[in-house]
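Every chain is numbered from 1 and lettered A, B, ... according to where its sequence line falls, protein lines coming before strand lines. Bear in mind the structure is a predicted one, so any value in this text is a computation, not a measurement.
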2 protein chains.
Amino acid sequence: MNIGTAASKSGMSAKTIRYYEDIGLIAPANRRESGYRDYSEDDVHLLQFLHRARSLGFSVKQCRELLSLYKDRNRASGDVKAIALGHVHEISEKIKELQAMKDTLETLVDKCHGDERPNCPILKDLAGSEPNNK
Amino acid sequence: MNIGTAASKSGMSAKTIRYYEDIGLIAPANRRESGYRDYSEDDVHLLQFLHRARSLGFSVKQCRELLSLYKDRNRASGDVKAIALGHVHEISEKIKELQAMKDTLETLVDKCHGDERPNCPILKDLAGSEPNNK
DNA sequence: ATAACCCTTCCAGTAACTGTAAGGTCAAGA
DNA sequence: TCTTGACCTTACAGTTACTGGAAGGGTTAT
């Protein structure tokens with residue numbers, strides 16, 4: 001099948017598939033005489049794997065590791081678990097960070113009357129303790 | 001003061017300050033005869049504003065808006081509040097997304113025995129309903 | 001004077017694509 | 001058969017917000 005078909009079956013764009021080939025995340029596709037890339041169901045399956053992993057927030061680098069473990073019939077389940085756990089940790093940290101930002105901003109927004117008057121607590125906070133109306 | 005001093009006072013790197021000047025987020029600094037950039041306390045204050053805004057997750061583009069509101073003595077508090085609220089919304093969405101990822105991954109990790117056997121539920125999930133041990 | 005450290009500009013690299021341009025291929029309808 | 005439109009190709013630029021490094025000049029203290 002053509003790249004467009006493989007793209008819609010796997011959920012990613014044709015652009016992305018070519019990109020993954022470019023960076024060596026996936027092997028170069030077979031080519032027809034016309035030069036068009038030609039994909040099998042197995043190829044699509046691999047693309048789906050990648051799509052799912054990326055949508056779960058694994059980086060391309062992590063996908064590379066997961067792929068090599070996926071392709072290795074003797075891989076240890078523990079290796080995969082370690083990658084996943086590491087990733088869970090990263091995600092937790094990111095959530096904490098965002099939550100802290102959100103809390104701060106919500107506090108500021110609450111304090112802001114949000115009318116036409118120029119006195120804004122949000123700007124005051126950003127400007128620090130000693131606002132400077134240059 | 002030199003850029004290094006302004007950097008440590010404001011909490012950002014000298015590189016970043018030059019970069020902000022480059023992209024026009026801040027005005028070009030005054031120069032000494034030597035060509036060195038020269039910063040005043042007011043400049044540092046502006047840099048601190050930016051540092052705080054960036055650390056709260058505002059994009060550079062949003063910082064540009066905030067800055068122009070900050071410099072405008074007649075700005076409406078409501079404009080600032082709108083930007084902040086929009087940003088809070090973005091952050092909330094991001095948190096939801098990450099939380100969903102984390103939940104999925106934790107479920108998978110729980111199912112994984114994590115030993116030396118190659119049968120891994122995480123890879124199975126990534127591979128979809130019809131695993132293919134090519 | 002010499003070391004140590006600061007500053008300058010400029011170019012490249014990062015992550016993971018997306019957009020665009022210029023051109024070749026394919027299938028279906030007039 | 002010709003044409004139209006959808007699809008494919010490569011290659012290069014742009015995105016975000018910086019960071020790293022090279023090559024070279026300025027400043028300060030000993």
Q: For B:I95 and B:I91, run side chain to side chain contact (heavy atoms under 4.5 Å, CB included): C-alpha distance rounded to whole Å, both residues' side-chain angles, the deciding distance at 0.1 Å, then the answer.
A: CA-CA 6 Å; B:I95 289 175; B:I91 293 175; 3.9 Å; yes

Q: Under 4.0 Å between any heavy atoms, over every strand shown, what does A:R37 touch: base, sugar-phosphate, or nothing? Just pick one.
A: sugar-phosphate

Q: For B:I23, report the nucleic acid contact type (base, sugar-phosphate, nothing); a contact means any heavy atom under 4.0 Å.
A: nothing

Quick check for you: to the nearest 0.5 Å, what is the distance between [X] atom [atom1] and [Y] atom [atom2]?
| X | Y | atom1 | atom2 | value |
| --- | --- | --- | --- | --- |
| A:L98 | B:Q99 | CG | CD | 11.0 Å |
| A:L85 | B:I122 | CG | CD1 | 7.0 Å |
| B:L46 | B:F49 | CG | CZ | 7.5 Å |

(Q) Restricting to non-hydrogen atoms, name the atom on B:F58 and the atom on B:I83 that form the minimum distance, rounded to 0.1 Å. (A) CE2-CG2, 4.0 Å

Q: Answer yes or no: are there more than 12 heavy-atom neighbours, outside A:H89 itself, under 6.0 Å from its atom NE2?
A: no

Q.
Show me the pairs that pass salt bridge (charged side-chain N to carboxylate O under 4.0 Å, His left out) and involve residues 8-28 of chain A, at least two apart or across chains.
A. A:K9-A:E41, A:E21-A:R31, A:E21-A:R37

Identify all side-chain donor-acceptor contacts of residues 104-112 of chain B below 3.5 Å with residues at least two apart in sequence or on another chain.
residue	atom	partner	partner atom	Å
B:T104	OG1	B:A100	O	3.0
B:T107	OG1	B:D103	O	2.8

Using whole Å, what does the distance between atom [atom2] of nucleotide [N] and atom [atom1] of [X] come to?
| X | N | atom1 | atom2 | value |
| --- | --- | --- | --- | --- |
| A:E21 | C:dA16 | CD | C1' | 16 Å |
| A:D22 | C:dT18 | CG | C1' | 13 Å |
| B:D38 | C:dC7 | CG | C1' | 12 Å |

Just the atom pairs and distances: protein N or O near nucleotides 22-24 of chain C's N or O, under 3.5 Å.
residue	atom	partner	partner atom	Å
C:dG24	N2	A:Y36	OH	2.6

Q: In sequence, state the C-alpha distance, the side-chain angles, and the governing distance for A:I17 and A:I26, and then conclude on side chain to side chain contact (heavy atoms under 4.5 Å, CB included).
A: CA-CA 8 Å; A:I17 297 175; A:I26 56 178; 4.1 Å; yes

Q: Please list, chain by chain and in numerical order, all residues satisfying side chain to side chain contact (heavy atoms under 4.5 Å, CB included) with B:S68, sequence neighbours excluded.
A: none

Q. Applying the 4.5 Å side-chain criterion to the ILVMFWY set and letting contacts propagate, would B:Y20 and B:Y36 be lumped into a single cluster?
A. no

**Q.** Any B:R18 side-chain N or O less than 4.0 Å from OP1/OP2 of C:dC7
**A.** no

(Q) By nearest heavy atom, map B:G35 and A:R32 onto DNA chain C; which one lands nearer the 5' end? (A) B:G35

Q | Along DNA chain C (nearest heavy atom to each residue), the more 5'-positioned of A:K61 and B:R31 | A | B:R31

(Q) What range of DNA chain D does chain A touch, first nucleotide to last, counting atoms under 4.0 Å from its heavy atoms? (A) D:dC7 to D:dA11

Q) So which of residues 6-17 of chain A are in contact with DNA chain C, with a heavy-atom cut-off of under 4.0 Å? A) A:S13, A:K15, A:T16

